[in-house]
2 protein chains.
Amino acid sequence: MGEEIPKIIIGRLPLYLRVLRRLKNEGEVYASSQELGEMLDISGAQIRKDLSHFGELGKRGTGYEIEFLIEKIRQILNINQVWNIAVVGIGDVGHALARYNGFVNRGFKVTAIFDSNEKKVGTEVQGLVIRDIKDLKEVIHKEDIKIAAVATPASAAQSVTDSLVENGIKAILNYAPIYLKVPDDVLVEYIDPAIHLQKLSYYLG
Amino acid sequence: MGEEIPKIIIGRLPLYLRVLRRLKNEGEVYASSQELGEMLDISGAQIRKDLSHFGELGKRGTGYEIEFLIEKIRQILNINQVWNIAVVGIGDVGHALARYNGFVNRGFKVTAIFDSNEKKVGTEVQGLVIRDIKDLKEVIHKEDIKIAAVATPASAAQSVTDSLVENGIKAILNYAPIYLKVPDDVLVEYIDPAIHLQKLSYYLG
DNA sequence: GTAAAATTGTGCAAATAGTCACAAGCAAAG
DNA sequence: CTTTGCTTGTGACTATTTGCACAATTTTAC
Ligand SMILES: NC(=O)c1ccc[n+]([C@@H]2O[C@H](COP(=O)([O-])OP(=O)(O)OC[C@H]3O[C@@H](n4cnc5c(N)ncnc54)[C@H](O)[C@@H]3O)[C@@H](O)[C@H]2O)c1
Ligand SMILES: NC(=O)c1ccc[n+]([C@@H]2O[C@H](COP(=O)([O-])OP(=O)(O)OC[C@H]3O[C@@H](n4cnc5c(N)ncnc54)[C@H](O)[C@@H]3O)[C@@H](O)[C@H]2O)c1
């Protein structure tokens, strides 16, 4: 109970949540570990073991009650609230993030967008005004933002990150294709499609 | 030598490549495993062990010759060629992918873009004409495309995937937030920012 | 009310991944 | 040409992760 949950398990919870949501949408009420596993290419045993870290969440003979499990995972992941997100760098990627309407029911909402290009600052995307990167401090505090996405060119990503950290950001989703240096208490996740493509091309021989 | 290389090692090679490229750009000629490790938060021992699967690539006392190692990894990952990529679903995400100029020197080039929306078909993005999804077969064969990115809404992703597979696509990069069912000889990688954000929010308590 | 079927939770075993530490090899200095 | 310093490659060890198999529990069928 009080033990540290392995990172790799935390990484699977969002996947479980995604498929549970889908089943709920289709009107299902219960799901077995086997069934979930087949929808995710993960063994039922692994799903059971993962979930068992958080208590006895299933019912023998029946499986897991979908609605209950969704609620439980949301609670574990701290997404039974909506986190305000800042996006920095409103080019193609930042634009797509700002306009994406799939975040809200997954626990996040883009509430502040920043760019350094004076031609962009002041214009609107999806009802949000692009703010000058110089206003980072003010906006982050006002909106109580703890998570930011970095979508600037690689050359600007580290300095933008430094500003974000300095202003209290504790977690970063980085789209720039570089490794970011941050203090130990700040977390970074990376998205780089070229990395995925390179993994794929390995197997295409 | 003839053994199967673990997936997890293949997954790290693109990261090594990225940082090697950067060092080369900065004019460096040699890099030690220690140095690379510090730039990636990976232990030097691990990098050495990973690379040792592919032969004796370093020189004792000196480290790894950057240019040589880059070439070697490119060869291992099969990116000493440029792969043509198809993007299906030219909304915000597909648009960003089509316009991204960072792929080419990493082994990929978007050469075909598809949508089902008649208003979009025929218009241009980055010099490429958006093709009707119905022309998938023709274009994929003509351009000899083996890898595709799916950037349609989730509701269309599985059927689009089925068409892609039917037309000979062997690897898919999926942006839609669902798990795709594909035959065993087809590979899928997933990108879903909400999944990353949910991992982050877990640690923000 | 009992037997059969289903499904969890979990101890244990197996497999996979990562670290340590050092012999071996190379380069530079003297 | 020997010594010193550095860094790889790797065997042995440790840690983590996954899979197996089954008792325990619940549901369903008759
Ligand atoms: N487009 C893609 O599909 C794609 C794919 C993979 C990775 N990426 C990466 O994502 C990042 C963004 O890509 P993009 O295609 O949107 O680029 P882009 O050039 O379209 O947009 C970058 C934006 O960042 C802004 N910017 C630059 N410096 C800034 C600073 N210091 N502070 C705030 N804003 C700043 C620019 O004004 C611009 O609006 C890049 O690092 C790119 O390599 C993009
Ligand atoms: N925008 C983001 O930042 C973001 C983030 C995460 C995930 N996603 C996911 O990526 C996907 C695309 O997102 P988006 O924001 O670009 O959506 P979008 O609605 O802007 O674009 C979707 C495009 O797909 C096309 N399309 C629909 N059905 C099709 C079919 N059968 N064949 C070909 N094309 C078809 C539509 O015409 C449209 O142009 C979605 O699944 C979304 O959930 C987007």
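Letters A, B, ... mirror the listed sequences (proteins, then strands); counts begin at 1. These numbers come from a predicted model, not from an experiment. For the numbers below, each heavy atom of this structure counts, side chains included, while hydrogens, waters and symmetry mates do not.
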- Item | Chi angles and distances behind the salt bridge (Lys or Arg N to Asp or Glu O under 4.0 Å) call for B:K146, B:D144 | CA-CA 7 Å; B:K146 296 277 183 297; B:D144 190 29; 2.8 Å; yes
Length of the [atom1]-[atom2] vector between [X] and [N], whole Å:
X	N	atom1	atom2	value
B:F54	D:dT8	CZ	C1'	17 Å
A:E56	C:dT7	CD	C1'	13 Å
B:L69	D:dT8	CG	C1'	13 Å
B:E65	C:dA27	CD	P	12 Å
B:I66	D:dT7	CD1	P	13 Å
B:R48	C:dA21	CZ	P	13 Å
B:H53	C:dT16	NE2	C1'	11 Å
A:Q46	C:dT7	CD	C1'	18 Å

- Donor + acceptor pair across side chains of B:Y179, A:D41 (<3.5 Å): yes
- Side-chain donor-acceptor contact under 3.5 Å, B:E71 with B:Q75: no
- Kindly indicate whether the side chain of B:K49 and the base of D:dT10 share any N or O donor-acceptor pair separated by less than 3.5 Å? no
Close N or O pairs between protein and nucleotides 2-6 of chain C (under 3.5 Å):
none

- In A:R48, A:Q46, A:K49, the residue satisfying side-chain hydrogen bond (donor to acceptor under 3.5 Å, both in side chains) with A:S33 is A:R48
- Tell me, which of residues 31-43 of chain B have any heavy atom that sits under 4.0 Å from an atom in DNA chain D? B:S32, B:S33
- Query: Between A:F103 and A:F108, what is the ring plane arrangement, given parallel below 30°, perpendicular above 60°, and tilted in between?
  - Reply: perpendicular
- With side chains defined as the heavy atoms from C-beta onward, is the minimum distance between B:Y203 and A:K7 less than 4.5 Å? yes
- Message: Looking at B:Y64, I'd like to know whether one of its side-chain N or O atoms comes within less than 4.0 Å of OP1 or OP2 on D:dG9.
- Response: yes
- Message: Taking only side-chain N and O atoms of B:R12, does any of them lie within less than 4.0 angstrom of OP1 or OP2 on C:dG18?
- Response: yes
- Check the pair B:K24, B:E28 against salt bridge (Lys or Arg N to Asp or Glu O under 4.0 Å), reporting the backbone distance first and the verdict last. CA-CA 5 Å; B:K24 182 185 163 191; B:E28 302 292 324; over 6 Å; no
- Of A:K59 and A:P6, whose nearest nucleotide on DNA chain D comes first from the 5' end? A:P6
- Query: Base, sugar-phosphate alone, or nothing: which one does B:L57 contact when heavy atoms must sit under 4.0 Å apart?
  - Reply: sugar-phosphate
- Which part of the nucleic acid, if any, lies within contact of A:I8, taking any heavy atom under 4.0 Å across all strands shown: a base, the sugar-phosphate backbone alone, or nothing? sugar-phosphate
- Item | Pairing of B:D192 and A:R106 as salt bridge, 4.0 angstrom limit | yes
- Name of the residue among A:L15, A:L23, A:I42 meeting side chain to side chain contact (heavy atoms under 4.5 Å, CB included) with A:L36: A:L23
- Task: Could you tell me which non-hydrogen atom of B:D115 sits nearest to which non-hydrogen atom of B:G89, and how far apart they are?
- Result: OD2-C, 3.7 Å
- Judged by nearest nucleotide, the residue sitting upstream toward the 5' end of DNA chain C, A:G63 or A:S52, is A:G63
